[in-house]
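Here's the structure, in structure tokens; my notes come after.
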Amino acid sequence: MTLYKPCCPADALRRIKMIPINGIPTGITMLNEIIAEVKEMNLNSEQQIKETLLKRVKVYNYISKGAEEIYMKAIMAEYYKP
């Protein structure tokens, strides 16, 4: 699966998923698409999954270095949802 890139800012806004990060509802652009793409990769380790998710999420979302771990916990919870 090739990740569909939004054509414009309005298209990107339609692709925001709200997830709780440290108890605060936070919008992550392209999260559903990124999760689907990473799942198709069939990565072997949880560390590989985390690194790949973070790298791809940061393409569309600003995440400060100090907040990466908190974001990863929330994103991994979304990744493992059925």
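- Remark: E78 engages K17, K81 in a salt bridge (charged side-chain N to carboxylate O under 4.0 Å, His left out) (not counting sequence neighbours).
- Scanning for side-chain hydrogen bond (donor to acceptor under 3.5 Å, both in side chains) contacts around K39 gives an empty result, with sequence neighbours left out.
- Taking every heavy atom of both residues into account, T29 and N61 meet most closely at N-OD1, 2.8 Å.
- Here M30 contributes atom CE and I28 contributes atom CD1; the two are 13.0 Å apart, rounded to the nearest 0.5 Å.
- We find the OG1-CE distance between T26 and M18 to be 6.5 Å, quoted to the nearest 0.5 Å.
- One hydrophobic cluster holds both Y80 and L54 under the rule that ILVMFWY side chains link at heavy-atom gaps under 4.5 Å.
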Per-pair distances, 0.1 Å, donor-acceptor, side chain in residues 65-77, under 3.5 Å, sequence neighbours excluded:
from, atom 1, to, atom 2, distance (Å)
E68, OE2, K58, NZ, 2.6

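- Listed by chain and number, the residues in a side-chain contact (heavy atoms from CB on, under 4.5 Å) with Y62 are S64 (sequence neighbours excluded).
- Every residue meeting the side-chain contact (heavy atoms from CB on, under 4.5 Å) condition with Q48, not counting sequence neighbours, appears here in chain and number order: L43, N44, S45.
- With rounding to the nearest 0.5 angstrom, the OH atom of Y60 is 13.0 Å from the CD1 atom of I16.
- For E51, the side-chain contact (heavy atoms from CB on, under 4.5 Å) partners at least two apart in sequence or on another chain are Q47.
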